[in-house]
Amino acid sequence: MSEIPRKAVQRTAKLATLPIGVAGRVVGGWGKRLSGMSSEQVNADMTAKTAEQVFAVLGQLKGGAMKFGQALSVFEAAVPEEMAAPYREALTKLQAAAPPMPTRTVHRVLAEQLGSAWAKRFVEFDDEPAASASIGQVHRAVWHDGREVAVKVQYPGADEALNADLKQLLRFSRLVQAIMPGAEVKPLLEELRDRMVEELDYRTEADNQRTFAKAFDGDDHVLVPKVVASAPKVVVSEWIDGTPLATIIREGTREQRDLAGRRLSEFHFSAPSRSGLLHADPHPGNFLLGDDGRLRAIDFGACARLPDGLPRTLGVMTRLALEKRSGDLLDLLRSEHFIRPGTELAGEDVLNYLGPFVEPLREETFKFTRKWLQGQAERVGDLRKPDSRTGRSLNLPPQYLLIHRVTLGATGILCQLDAEVPARSIVARWQPGFDD
């Protein structure tokens with residue numbers, strides 16, 4: 001496969017195979033039950049095959065479809081264990097694997113972006129990709145000055161593919177509105193579209209990475225590789241080594257798990273005030289832990305611009321929830337448009353909904369576990385429960401979209417790590433409005 005399927009109709013047809021394929025397996029499952037197989041056996045078989053198909057379809061499409069697959073893979077920690085196991089391996093693959101481009105296609109893109117004499121800029125260039133991302137793949141090379149570098153090359157057709165996916169998403173706005181009746185869905189989806197389209201220009205990503213590298217230069221806890229060269233569809237940066245968080249999640253020691261969790265929390269909460277940006281693509285494939293104990297952060301395509309740091313409103317909101325000040329909390333949510341005009345909500349209901357989310361800040365340290373996250377997901381996801389109804393009545397202002405995504409995604413990683421983290425002190429130091 002040399003390029004991403006570009007046309008909307010072609011991509012929509014592939015995406016449509018997912019629910020159709022699941023439905024077909026359900027029908028097949030009934031037949032197996034009639035033949036004497038237990039429901040547990042049938043469910044396990046269906047789940048494994050569905051996970052396999054999700055990986056195959058999203059991995060082929062790349063673009064926006066694969067981005068949503070990567071986001072989904074973080075939240076498998078919220079799925080009950082008996083259902084999560086077959087998905088875990090297939091979805092985690094999406095964070096670091098996809099069908100590679102042929103060598104001739106890679107060379108063509110490099111020539112278009114770095115000039116026909118691109119090969120002279122490298123001492124060595126490995127044609128085998130070292131990793132893949134949602135809209136590109138990474139090659140290991142040696143720059144002409146002897147530095148080891150990572151060369152990210154965008155898939156041809158990624159721009160058309162991503163735009164086709166986003167058009168499909170916008171068409172689903174009515175469906176999303178039905179799921180989230182209290183939210184203003186259209187501006188939310190438009191914000192998502194705008195931020196994802198930005199990722200198509202690697203010069204923007206390179207600028208983001210330069211800003212992060214400067215902000216964390218010489219830091220004892222975080223290492224951001226420096227950018228060496230950039231073009232619209234190619235970015236070259238210093239190569240870094242470390243243990244991927246996905247590996248630590250799978251087989252890390254207790255010390256590695258807690259250290260990775262602490263470093264990740266520090267990075268996400270401190271970055272906005274230090275750099276004016278928030279790394280907005282939190283999944284284990286974008287972080288490594290070095291032998292020196294520093295977190296390595298990569299992939300800066302998705303970033304939220306926060307020139308004044310994290311919004312003070314979030315800190316005040318968190319503190320009011322911790323202090324169980326339901327009336328003040330309700331007033332703040334209304335004034336900041338987290339509740340749409342005309343929506344009736346009781347202060348106690350809002351407090352009951354938000355209270356458990358701030359539980360990690362009630363003690364000096366908190367052990368993030370899959371079981372805890374599963375409990376949260378069940379609490380707000382069960383349509384029969386009051387907290388679910390409250391959650392569906394709340395609105396997410398577009399400017400908080402990426403912050404919300406990062407908070408949920410980072411929490412998912414902490415739970416996958418099973419990490420014990422001094423969350424309260426980290427939030428108190430870096431989140432405006434929480435401790436003042």
Side-chain angles (χ1 to χ4, degrees), residues 1-5 52 55-63 65-67 69-70 73 89-158 161 199-200 202 205-206 209 225-248 250-251 281 283-291 296-301:
M1 186 183 77
S2 61
E3 298 188 0
I4 301 177
E52 188 179 327
F55 173 63
V57 172
L58 295 183
Q60 286 173 15
L61 289 174
K62 302 188 177 80
M66 187 172 173
K67 281 189 174 298
Q70 288 177 332
S73 66
E89 185 176 352
L91 287 173
T92 301
K93 282 180 186 176
L94 281 170
Q95 297 169 344
M101 281 186 277
T103 299
R104 65 180 182 279
T105 305
V106 174
H107 290 183
R108 189 182 83 224
V109 175
L110 287 168
E112 290 170 353
Q113 299 296 308
L114 300 180
S116 57
W118 67 269
K120 293 182 180 178
R121 304 181 77 172
F122 298 94
V123 176
E124 296 174 20
F125 185 90
D126 190 348
D127 287 330
E128 286 294 315
S132 68
S134 51
I135 59 172
Q137 64 188 39
V138 179
H139 292 260
R140 192 165 187 165
V142 178
W143 196 240
H144 59 77
D145 63 4
R147 278 183 289 177
E148 278 197 89
V149 293
V151 184
K152 187 151 81 166
V153 183
Q154 190 173 120
Y155 301 120
E199 295 184 50
L200 291 168
Y202 281 175
E205 175 173 349
Q209 187 169 334
K226 291 181 171 61
V227 174
V228 176
S230 60
K233 298 184 187 302
V234 171
V235 61
V236 183
S237 56
E238 293 177 339
W239 183 271
I240 52 171
D241 288 307
T243 304
L245 259 55
T247 301
I248 297 175
R250 189 171 62 249
E251 58 190 30
D281 194 7
H283 69 76
N286 284 339
F287 300 98
L288 307 91
L289 189 64
D291 291 340
R296 278 87 165 115
I298 58 175
D299 197 340
F300 296 88

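Heavy-atom basis, side chains included; hydrogens, waters and symmetry copies ignored. Position 1 is the first residue of the sequence, and the numbers go up from there.
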Set of residues satisfying side chain to side chain donor-acceptor pair (under 3.5 Å) with respect to His107, sequence neighbours excluded: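 Only Asp127 meet the side chain to side chain donor-acceptor pair (under 3.5 Å) criterion with His107.
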For Trp118, all residues meeting side chain to side chain donor-acceptor pair (under 3.5 Å), sequence neighbours excluded: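 Here no residue qualifies.
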Donor-acceptor pairs are to be reported for all side-chain atoms of residues 228-237 against protein atoms at under 3.5 Å, with residues two or more places apart or in another chain.
| unit_1 | atom_1 | unit_2 | atom_2 | d |
| --- | --- | --- | --- | --- |
| Ser230 | OG | Arg210 | NH2 | 3.3 |
| Lys233 | NZ | Gln154 | OE1 | 3.4 |

How far does [atom1] of [X] sit from [atom2] of [Y], to the nearest 0.5 angstrom?
{"X": "Phe125", "Y": "Trp143", "atom1": "CZ", "atom2": "CH2", "result": "10.5 Å"}
{"X": "Glu238", "Y": "Glu148", "atom1": "CD", "atom2": "CD", "result": "11.0 Å"}
{"X": "Phe287", "Y": "Arg296", "atom1": "CZ", "atom2": "CZ", "result": "13.5 Å"}
{"X": "Ile248", "Y": "Leu289", "atom1": "CD1", "atom2": "CG", "result": "4.5 Å"}

Search all heavy atoms of [X] against all heavy atoms of [Y] and return the closest pair with its distance.
{"X": "Val151", "Y": "Ala141", "result": "CG2-CB, 4.0 Å"}
{"X": "Met101", "Y": "Pro156", "result": "SD-CD, 3.4 Å"}
{"X": "Val138", "Y": "Trp239", "result": "CG1-CZ3, 4.4 Å"}

Atom CG of Asp291 with >12 non-hydrogen neighbours under 6.0 angstrom: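 Counting neighbours around CG of Asp291, 12 or fewer heavy atoms of other residues, nucleotides or ligands fall under 6.0 Å, so no.
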Crowding at CD, Glu128 (>12 non-hydrogen neighbours, <6.0 Å):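 No, not enclosed.
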Among Gln137, His139, Glu205, side chain to side chain donor-acceptor pair (under 3.5 Å) partner for Lys152: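 Answer to the side chain to side chain donor-acceptor pair (under 3.5 Å) test with Lys152 among Gln137, His139, Glu205: Glu205.
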Test log, rule side chain to side chain contact (heavy atoms under 4.5 Å, CB included), inputs Phe300 and Val227: CA-CA 11 Å; Phe300 296 88; Val227 174; over 6 Å; no
Minimum side-chain heavy-atom gap Pro225-Gln209 below 4.5 Å: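 With C-beta onward as the side chain, the pair touches.
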N/O donor-acceptor pair under 3.5 Å between Asn286 side chain and Asp281 backbone: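 Looks like yes, one N/O pair under 3.5 Å.
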